[in-house]
Every structure is written in C-alpha cells, then in structure tokens.
Amino acid sequence: MPQKEQTQTSTKTESKRSPTKLGFSEHAVSEISETLRHLLADVFSLYMKTKNFHWHMNGRHFRDYHLLLDEQAAQIYAITDDIAERARKLGGTTLRSIGDIARHQRLHDNDRGDLTAREMLTELRDDNSLLANLLRDAHEVCEKHDDVATTSMIEVWIDEAERRAWFLRETVEQS
C-alpha cells in the first residue's frame, strides 16, 4: 500500500518575551530578585521577632498571646521558601546567610528584655502593617515587569499580613 503524504500546517506563535529566564529580561530578573531578597529578609526578621516575643511573653493573658504568636510565626515562616524559590525560578539569587538577612532587612530587630505584652503586640502589629506596605511596593515592581505569578503570590501575602495586623490591633485594644 502506498503511504499517503500528509501536509502539516505549522503555526508558530511569536512572543515578545525573551526565550530565557521564563521570558523576563535580565533587568526584570535582577530587579524582581533584589526586591524578593529584601522581602525575604524582612519576613525572616519578622518571623524571628514574632518567635522572640512568643518565647518571652508573660502576664495574665500569657497562654492566649503565646498561642496567637506561635500561629502567626508559623504563617510567616511558611512563605519564606516560596519567596526564595520564586527568585530562583526567575533565574535570580536569594539570601545565603544570617549576615545576608541583616544586610537586606528593613524591619528592625528588638533585643530588649523589658517589654510588656502590650508593647510586644503593638510592635508586631506595626511590623505586620509595615510588611503589608513593603509587599505592596514589591507588587508594584513585579507588576511593572508583568510578573503575574509573583504578583499573585504577593496578593495572598498582603492579605495574610493585614489579617495578622488586624488580630494584633484588636488584641492590643482589648488589653
């Protein structure tokens, strides 16, 4: 039997994106990765402060505050891997050490040992509010480069930071 010759019509779709680095320019990868590096440092800083206050909480509402901060710390820590892996997925780099965190963080540490429960909760409320704003800034950078995936992730993290700030605000106002 003779073979029938098939003609295939090839339709090639062209993209305006670079074929490397998931379609992002080197400039975009650099700027987004740098933004994520700072964000990751801030998240690690907030995680450590939240755990610090969790460990050093005292007073008549100890158990409630202790559990609240443990829950919040777990939520904060849960996004660290996503942030770092997103930067790597884009072709960028991320944090490499505790020193790297210290060089990139914008949230301030608190090593004081004389804080009241109210002072701890107030500081965490303010830091979560600041983190929400830093996340919005990161969202703008990613949006500028049409990085839909990272902007989508950041939107969830903004909501989580706002929720933590809200819980802390309500708790501080009731104490």
Side-chain angles (χ1 to χ4, degrees), residues 13 15-54 65 67-98 100-110 120-174:
T13 306
S15 174
K16 63 182 178 180
R17 299 186 183 281
S18 161
T20 60
K21 308 285 186 191
L22 300 179
F24 296 101
S25 70
E26 292 297 322
H27 173 71
V29 170
S30 176
E31 191 171 7
I32 294 168
S33 296
E34 182 66 18
T35 299
L36 292 175
R37 198 168 15 264
H38 283 282
L39 191 58
L40 183 57
D42 293 329
V43 169
F44 272 125
S45 174
L46 182 58
Y47 168 75
M48 189 64 214
K49 183 184 288 187
T50 304
K51 287 304 278 190
N52 171 27
F53 291 171
H54 158 83
Y65 297 165
L67 293 174
L68 172 67
L69 297 186
D70 200 34
E71 178 184 301
Q72 289 194 354
Q75 185 182 65
I76 294 163
Y77 185 75
I79 71 173
T80 59
D81 205 41
D82 291 336
I83 296 168
E85 288 183 357
R86 184 64 191 160
R88 295 293 296 139
K89 196 181 301 179
L90 292 171
T93 60
T94 191
L95 299 174
R96 298 180 187 275
S97 66
I98 298 295
D100 216 3
I101 291 170
R103 284 186 295 278
H104 287 91
Q105 76 184 67
R106 296 164 293 189
L107 297 178
H108 299 288
D109 295 333
N110 189 330
M120 290 180 196
L121 297 173
T122 299
E123 187 167 334
L124 289 174
R125 177 203 61 203
D126 294 347
D127 283 350
N128 276 282
S129 295
L130 177 55
L131 180 63
N133 288 329
L134 294 169
L135 284 160
R136 285 184 192 89
D137 294 343
H139 188 279
E140 287 177 13
V141 170
C142 296
E143 194 171 49
K144 175 176 77 173
H145 294 292
D146 200 26
D147 182 358
V148 177
T150 308
T151 57
S152 177
M153 295 166 75
I154 290 172
E155 288 165 1
V156 172
W157 302 333
I158 291 169
D159 184 57
E160 291 174 351
E162 289 174 342
R163 181 180 172 90
R164 288 190 304 271
W166 168 47
F167 274 50
L168 291 162
R169 182 181 69 242
E170 293 298 328
T171 303
V172 167
E173 288 177 6
Q174 299 303 316

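Not measured: the values here are computed from a predicted model.
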What's the shortest heavy-atom distance between [X] and [Y], and which atoms?
{"X": "Arg106", "Y": "Leu39", "answer": "NH2-N, 3.7 Å"}
{"X": "Ile154", "Y": "Leu135", "answer": "CG2-O, 3.3 Å"}
{"X": "Asp100", "Y": "Leu95", "answer": "OD2-CA, 3.4 Å"}
{"X": "His145", "Y": "Phe24", "answer": "O-CE2, 3.5 Å"}

Do Asp109 and Lys49 sit within salt-bridge range, that is, some charged N less than 4.0 Å from a carboxylate O?
no

I need the [X] [atom1] to [Y] [atom2] distance, nearest 0.5 Å.
{"X": "Arg125", "Y": "Glu173", "atom1": "CZ", "atom2": "CD", "value": "7.5 Å"}
{"X": "Tyr65", "Y": "Phe53", "atom1": "OH", "atom2": "CZ", "value": "14.0 Å"}
{"X": "Gln72", "Y": "Leu46", "atom1": "CD", "atom2": "CG", "value": "8.5 Å"}
{"X": "Glu160", "Y": "Glu155", "atom1": "CD", "atom2": "CD", "value": "12.5 Å"}
{"X": "Asp127", "Y": "Ile76", "atom1": "CG", "atom2": "CD1", "value": "9.0 Å"}
{"X": "Ser45", "Y": "Asn110", "atom1": "OG", "atom2": "CG", "value": "10.0 Å"}

Pick one: which of Thr93, Asp42, Thr94 meets side chain to side chain donor-acceptor pair (under 3.5 Å) with Arg37?
Thr93

Contact check, side chains of [X] and [Y], non-hydrogen atoms, under 4.5 Å:
{"X": "Ile98", "Y": "Ile101", "value": "yes"}
{"X": "Glu31", "Y": "Glu34", "value": "no"}
{"X": "Trp157", "Y": "Leu131", "value": "no"}

Do the side chain of [X] and the main chain of [Y] share a donor and acceptor less than 3.5 angstrom apart?
{"X": "Ser33", "Y": "Val29", "result": "yes"}
{"X": "Ser30", "Y": "Glu26", "result": "no"}
{"X": "His54", "Y": "Leu69", "result": "no"}
{"X": "Thr80", "Y": "Tyr77", "result": "yes"}
{"X": "Asn52", "Y": "Met48", "result": "no"}

Test side-chain contact (heavy atoms from CB on, under 4.5 Å) applied to Leu134 and His38, step by step
CA-CA 9 Å; Leu134 294 169; His38 283 282; over 6 Å; no

Does atom CZ (Arg88) have a neighbourhood of more than 12 heavy atoms from anything else shown, all under 6.0 Å?
no

With a cut-off of 6.0 Å (strictly less than), are more than 12 heavy atoms of other residues, nucleotides or ligands near CD of Glu170?
yes

List the steps, then state whether side-chain contact (heavy atoms from CB on, under 4.5 Å) holds for Thr150 with Leu36.
CA-CA 10 Å; Thr150 308; Leu36 292 175; 4.1 Å; yes

Go through the steps to decide whether Ser97 and Arg103 satisfy the test side-chain contact (heavy atoms from CB on, under 4.5 Å), and finish with yes or no.
CA-CA 10 Å; Ser97 66; Arg103 284 186 295 278; 4.1 Å; yes

